[in-house]
Undergrad: 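I have a structure here, written as structure tokens, and I will follow up with some questions on it.
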Amino acid sequence: MATDTSPHPFERLEIRVGPYTYDALAAGPADGEFVLLLHGWPEFADSWSQVLPALAAAGYRAVAVDQRGYSPGARPAQVTDYAVPELVADALAFADSQGAGRFHLVSHDWGGMVAWALAGAHPDRLKSLTVLATPHPTALGREAAKGTDQYKRQDYVRLFRTPGGVAEETLLADGAAWLRAAYGGKVPAPLVDANIRRLSEPGALTATLNWYRAPEETLAVPAGRISVPTLYMWGSEDIALGRAAAEATGEWVDGPYRFETLEGVSHWLPEEVPDQVNPAIVEHLGRYS
């Protein structure tokens, strides 16, 4: 087990799930309550670099995983290998690998889609749910179906679902200019550079885009009603996920629910405003530990 030499030292783990090996970062005492962190696109486990230390300092055992397609050792070839049930099964297996029966789940962006689906199908496994940016998939789909603001915001998803390598070519052209611009200047430059380097490896970008391609329809993710205690945080300047779906998310949560709007904040919550995100997460976890 090696230790990272970054400003925040993390343990580096390899998690075996079936035929695949997933890379992960871990922090906090081995006997702490387990917290699993799921990143979004186009990010990796180190998108949580400013969150992991806060969880560790609060006594939790926090593990962030490079998920399916992001870990070089877990990059299957078929689009169907990236269907949401596969991603949910991975998340449960990550917790199982660390000996966690019930655990806290923290998520962002596509990780949030997986988290909503997991919480709806397996509430018995969760002590709490935290989702950053991503509305409940049903609320999101309902708003997009109206053909108004949220539908337009998802133009990028329709690009990603275009067959024939169009998205890959577009995203990586001109030194990955489109991909760099996606972060909106809100993610630290060294992390953006590292993300682009990893996504430029053969097969990597296609594997991550397969998350978008696997659903039968655009962002059609099966997620039931939510009974576990839930914290949902959304930035008012999120260009991908609009206010209507964010505010409607509570309609799908039956358990204790807290919705926080971060005014003036973009989509990239873990990297942009950890000073706002971390206290809210730690308080939420503490309430349901």
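Quick note: numbers below take in every heavy atom, side chains included, and nothing from hydrogens, waters or symmetry partners. What you see is a predicted model, and the numbers here were worked out from it, not measured in a lab. Residue numbers start at 1 and run along the sequence shown.
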Undergrad: Can you see which heavy atom on G28 is nearest to which on E11, and at what distance?
TA: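 That closest heavy-atom pairing would be O-OE2, 4.4 Å.
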Undergrad: To the nearest 0.5 angstrom, please state how far the CG atom of L269 sits from the CG atom of D238.
TA: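 Output value for this atom pair is 7.5 Å.
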Undergrad: What I want to check is whether the side chains of T208 and W41 have a donor and an acceptor closer together than 3.5 Å.
TA: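 Indeed, the side chains of T208 and W41 share at least one donor-acceptor pair under 3.5 Å.
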Undergrad: Does the Lys NZ or Arg CZ of R125 fall within the cation-pi geometry relative to F103 - under 6.0 Å from the ring centre and within 45° of the axis?
TA: no
Undergrad: Could you pull out all donor-acceptor pairs under 3.5 Å where a side-chain atom in residues 78-89 meets a protein atom, sequence neighbours excluded?
TA:
from, atom 1, to, atom 2, distance (Å)
D81, OD2, Q78, N, 3.2
Y82, OH, P76, O, 2.6

Undergrad: As a quick check of understanding, evaluate salt bridge (charged side-chain N to carboxylate O under 4.0 Å, His left out) for E251 and R225, giving each step before the final call.
TA: CA-CA 9 Å; E251 298 174 21; R225 301 195 65 83; over 6 Å; no
Undergrad: Output yes when a side-chain donor or acceptor of T230 lies under 3.5 Å from a complementary backbone atom of L129, and no otherwise.
TA: no
Undergrad: Mark yes when over 12 heavy atoms from residues, nucleotides or ligands other than Y151 sit less than 6.0 Å from its OH; otherwise mark no.
TA: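 Check fails, neighbour count at 12 or below.
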Undergrad: Is it true that D149 and R153 make a salt bridge, defined as a side-chain N closer than 4.0 Å to a carboxylate O?
TA: yes
Undergrad: Working to the nearest 0.5 angstrom, can you tell me the gap between L172 CG and E168 CD?
TA: 8.0 Å
Undergrad: Closer than 4.0 angstrom, basic N to acidic O: yes or no for E271 and K186?
TA: no
Undergrad: Minimum heavy-atom separation for A56 to P29, with atom names?
TA: O-CD, 4.1 Å
Undergrad: Answer yes or no: does atom CD of E263 have more than 12 heavy-atom neighbours from other residues, nucleotides or ligands under 6.0 Å?
TA: yes
Undergrad: Can you check whether H104 and Y60 have ring centres sitting under 6.0 Å from each other?
TA: yes
Undergrad: So with a 6.0 Å cut-off around CG of D155, is the heavy-atom count from everything else above 12?
TA: yes
Undergrad: Could you tell me which residues satisfy side-chain hydrogen bond (donor to acceptor under 3.5 Å, both in side chains) with S227, sequence neighbours excluded, listed by chain and number?
TA: none
Undergrad: Using a 3.5 Å distance criterion without hydrogens, assess whether the side chain of D109 forms a donor-acceptor pair with backbone atoms of G111.
TA: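 A pair under 3.5 Å: no.
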Undergrad: Would a distance-only check, ignoring hydrogens and angles, find a side-chain to backbone donor-acceptor pair under 3.5 Å from H108 to H267?
TA: yes
Undergrad: How about CD on E169, more than 12 heavy atoms from neighbouring residues, nucleotides or ligands closer than 6.0 Å, or not?
TA: no
Undergrad: Nearest 0.5 angstrom please: L159 CG to Q154 CD, how far?
TA: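 One gets 13.5 Å once the value is rounded to the nearest 0.5 Å.
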Undergrad: Look only at the side chain of S266 and the backbone of W268, and say whether a donor-acceptor pair between them is shorter than 3.5 Å.
TA: yes
Undergrad: For a ring-ring contact (aromatic ring centres under 6.0 Å, His included) with Y70, tell me which candidate from W211, Y20, Y22 qualifies.
TA: W211
Undergrad: Measuring from atom CZ of R180 to atom CG of L171, what distance do you get when rounded to the nearest 0.5 angstrom?
TA: 13.0 Å
Undergrad: Going by heavy atoms in the side chains, are H284 and P229 under 4.5 Å from each other?
TA: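 Counting from C-beta outward, H284 and P229 do come under 4.5 Å.
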Undergrad: Are W110 and F160 an aromatic pair by the rule of ring centers under 6.0 Å?
TA: no
